[in-house]
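Let me begin by presenting the structure, written as structure tokens, before commenting on it.
These numbers were taken from a predicted model, which means no experiment stands behind them.
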Protein chains: 2
Amino acid sequence: MAITPAAGSSRSASVKDVAATAGVSLGTVSNVLNRPDRVSRTTRERVERAMADLGFVRNESARSLRTGSTHSLAYVMLDAGNPFFTDVARGIELAAETAGLSLFLCNSDGRSAREGAHLAHLQQQRVQGILITPVDPDDPQIDQLIERGTPVVIVDRTRAGSSFCSVAVDDVLGGRLAVEHLIDVGHRRVAYVGGPASIGQVRDRGEGARQAWAEAGLPPEDLVTLSCEAPTVASGRAAGERLVGLPARRRPTAAFCANDLIALGLLQQTISSGRTVPGDLAIVGYDDIEFAAAAAVPLTSVRQPRHDLGRRAAELLLDEVGNPAHQHEQVLFTPELVARSSTRGRSS
Amino acid sequence: MAITPAAGSSRSASVKDVAATAGVSLGTVSNVLNRPDRVSRTTRERVERAMADLGFVRNESARSLRTGSTHSLAYVMLDAGNPFFTDVARGIELAAETAGLSLFLCNSDGRSAREGAHLAHLQQQRVQGILITPVDPDDPQIDQLIERGTPVVIVDRTRAGSSFCSVAVDDVLGGRLAVEHLIDVGHRRVAYVGGPASIGQVRDRGEGARQAWAEAGLPPEDLVTLSCEAPTVASGRAAGERLVGLPARRRPTAAFCANDLIALGLLQQTISSGRTVPGDLAIVGYDDIEFAAAAAVPLTSVRQPRHDLGRRAAELLLDEVGNPAHQHEQVLFTPELVARSSTRGRSS
DNA sequence: GTCCGTTCCTAAATCGTTTCATCGGAGGTC
DNA sequence: GACCTCCGATGAAACGATTTAGGAACGGAC
């Protein structure tokens, strides 16, 4: 039996300790760990016994220092509080799990500084690759990561230069779908409630909205843009208050929101101030998160294939990590409008 | 200037390369990194210049191998798709950021196997400490972590033995509050819609419900328990269908759901099947996530201080990591009922 | 009895960083 | 001018795993 105490010792057991306990050399222990077929059954069992007795846990730092490769990926999320991104993350997780890598989730919370800190740390950790929904896809730190050898895949954004892969959904088209739908059901004065213009998705969806508006031959001044501080439920409520403040003549009869969180906030404020949806205000959201269908008035929304978005992104990253002949690819998914009561009528 | 190419070289620059480029010794580079005040200004600048030119990135594996300590914590979440846990995570993040540690989020998704894999990997990574909302707090793997020297704090659960810290909310009390409220507003036949009984929170909330019911002197058979496969929106919808299937005489007039996701699903199914809330069915949720207030009918819910829960848990972990005189502590927060339209009447 | 081929194991070098004992030189003191 | 002190910089020795070249033991064939 083992001589060393089984657990609770001040320093955790190393291969050396295991070797000593099992009465074999270091290399043999390593072989048991990495190439068990090269070790005879009796020796292997003796070593495994020693590992169990000592509570041996491989030191990943040493391992990856020597082999030069960690076994992990990371996804830097723009907003972990937004179900859209957790769904994307789930798709990524699935692919990572299948490939036997572990995935670390980091949350930048929309703040460049946090994002930068995460990226720096991940780079120091030498993760195999990074998936990121960036605050700003043009951030030079992203290029720097790639130059220094960490593969990066941009999720839910694209960029002109193609020094990396990206997976996104056509946000301009999504914006068009939303506004075309509102025009279809008869609205002629519409608000686009976006988050801060610093967010690319917000700009693109707004651009799509403008295109649809212009193509319908409607006067530009009747598509008003309200921008929020952040794409959150609270901002949506605040936007609702601003909307009410407008003189009735100029008040929009419908709102297209840059995401479902804003839309839910706007919906909540509208209803609690005694107005009706879609009677007084029709609302279209974006993302079609699970809660959109469960809202006070089920929300019309632009659906993105969020799970596939994540899965595809992870697959591209894994290819880039493992396949020397990897070609960068810019995948663009197509969004889809899901019409519900918030734009259609009273029935759910 | 630097002789070595600035970037894109096959192998990233090490301290040795920096030392050679700057014309100093290894130790000096390390001093610049770790104790800059011990290095003269001119030398320091020369070294910093070399680091910039070479695109030097510290290798965290080597660093933590040598120092024996990483600079990271991890939170293993039960369900990243549930806003309750992402809010808890946000509280943890805040505390970790303040302490200058980085936080890895892992998602067990309610599956023991995934949780185990994450824990094993984190242990190999030698993270400083682990916060976890476990699938099962009695899992021996958790004790094993502690025995082998990784501090663990249990979040949103407690356990009798106190070989670790925990931060939780009094779920039995929460269950009582919910059911007392339903009794108060006149309900005499109530359903408890729980997730799978394997989840401790589900059991405790049910226990509280039973206690309140018994204390009110109501017959036990009028508090029916419906258990779902998983605490999700989809399960809530399914539970709604089962509820409708009951004969009118035995059908509950109110439902207390083990969390808000179930409640939202139930609410959605109830309304879309043409019944009203709270007229045909009053609903109480649990967690008071942001979406509860924005639901079809604003949801009465039992609020947990989720942000504080996370923050406090992280503080306890940080104390355990840094303070040799650390005492394990079992923190219990008190939940609070937030009454809204789903149990009260028509006005919001 | 020698030679050869397996099979199984050993010993030593290595990854990149930190740390610690040491050392050279500049400047001050007697 | 000898001696001491400090400051700043040095170089070797770790940390714990993997890898590779090589060696001992053993059996079988000639």
Side-chain angles (χ1 to χ4, degrees), chain A residues 4 9-48 50-51 54-71 121 123-128 148-149, chain B residues 4 9-48 50-51 54-71 120-121 123-127 148-149:
Chain A
T4 325
S9 47
S10 63
R11 178 174 288 282
S12 65
S14 72
V15 279
K16 198 187 289 180
D17 302 323
V18 173
T21 309
V24 298
S25 80
L26 247 89
T28 301
V29 178
S30 178
N31 279 334
V32 170
L33 249 20
N34 302 301
R35 293 181 286 301
D37 48 306
R38 294 213 191 145
V39 180
S40 71
R41 220 170 66 91
T42 56
T43 310
R44 173 154 39 86
E45 280 167 0
R46 202 145 42 92
V47 171
E48 280 165 352
M51 296 200 292
L54 292 169
F56 170 75
V57 176
R58 235 184 185 142
N59 185 324
E60 178 67 26
S61 294
R63 176 172 160 77
S64 64
L65 171 59
R66 179 59 233 244
T67 64
S69 101
T70 57
H71 299 87
H121 198 242
Q123 200 176 2
Q124 294 186 2
Q125 299 262 10
R126 301 287 195 274
V127 292
Q128 300 275 106
R148 295 189 181 167
Chain B
T4 325
S9 48
S10 63
R11 178 173 288 283
S12 65
S14 71
V15 279
K16 199 187 287 181
D17 303 322
V18 173
T21 309
V24 298
S25 79
L26 245 89
T28 301
V29 177
S30 178
N31 280 334
V32 170
L33 249 21
N34 302 301
R35 294 182 284 302
D37 48 306
R38 293 213 191 145
V39 181
S40 71
R41 219 170 67 90
T42 55
T43 311
R44 173 154 40 87
E45 280 167 0
R46 203 144 42 92
V47 172
E48 281 165 351
M51 295 200 293
L54 293 170
F56 170 74
V57 177
R58 235 184 186 144
N59 184 323
E60 178 67 25
S61 294
R63 178 173 158 76
S64 63
L65 171 58
R66 180 58 233 239
T67 64
S69 103
T70 57
H71 299 86
H121 198 242
Q123 199 176 2
Q124 294 185 3
Q125 298 263 12
R126 301 287 195 272
V127 293
R148 296 190 180 167

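- Following rounding to the nearest Å, B:R58 (CZ) and C:dC15 (C1') show an atom-to-atom distance of 17 Å.
- One side chain, A:H71 or A:E60, offers a donor N or O that lies under 3.5 Å from an acceptor on the other.
- Taking 4.0 angstrom as the limit, B:R35 places a side-chain polar atom (N or O) nearer than this to OP1 or OP2 of C:dT19.
- The phosphate of C:dT18 has OP1 or OP2 within less than 4.0 Å of a side-chain N or O from B:S30.
- A donor atom on one side chain and an acceptor atom on the other are not found under 3.5 Å apart for A:S64 and A:T67.
- A donor-acceptor pair under 3.5 Å is absent between the side-chain atoms of A:T21 and the main chain of A:A50, judged by distance alone.
- Residue B:N59 has no polar side-chain atom (N or O) positioned under 4.0 Å from OP1 or OP2 of C:dT17.
- Residue-environment remark: CZ (A:R35) exceeds the threshold of 12 foreign heavy atoms within 6.0 Å.
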Worksheet item: If you write DNA chain D from 5' to 3' in dot-bracket form, with Watson-Crick or G-U pairs under 3.5 Å, [ ] for crossing pairs and | for pairs with another strand, what do you get?
Response: ||||||||||||||||||||||||||||||
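- Qualifying side-chain hydrogen bond (donor to acceptor under 3.5 Å, both in side chains) partners for A:Q125, counting only residues two or more places apart in sequence or in other chains: none.
- Scanning both residues, A:Q123 and B:V57, for their nearest heavy atoms gives NE2-CG2, 3.6 Å.
- Panel note: side chain A:N34, backbone A:N31; no donor-acceptor pair is recorded below 3.5 Å.
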Are any protein N/O atoms closer than 3.5 Å to N/O atoms in nucleotides 8-15 of chain D? If there are, list each pair with its distance.
from: D:dA9; atom 1: OP1; to: B:S40; atom 2: OG; distance (Å): 2.9
from: D:dA9; atom 1: OP1; to: B:T43; atom 2: OG1; distance (Å): 2.2
from: D:dA9; atom 1: OP2; to: B:S40; atom 2: N; distance (Å): 3.1
from: D:dT10; atom 1: OP2; to: B:S25; atom 2: N; distance (Å): 2.8
from: D:dT10; atom 1: OP2; to: B:S25; atom 2: OG; distance (Å): 3.2
from: D:dT10; atom 1: OP2; to: B:T28; atom 2: OG1; distance (Å): 2.6
from: D:dA14; atom 1: N3; to: B:R66; atom 2: NH1; distance (Å): 2.9

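- Closest non-hydrogen pair, A:V39 versus A:R44, comes out as CG1-N, 3.7 Å.
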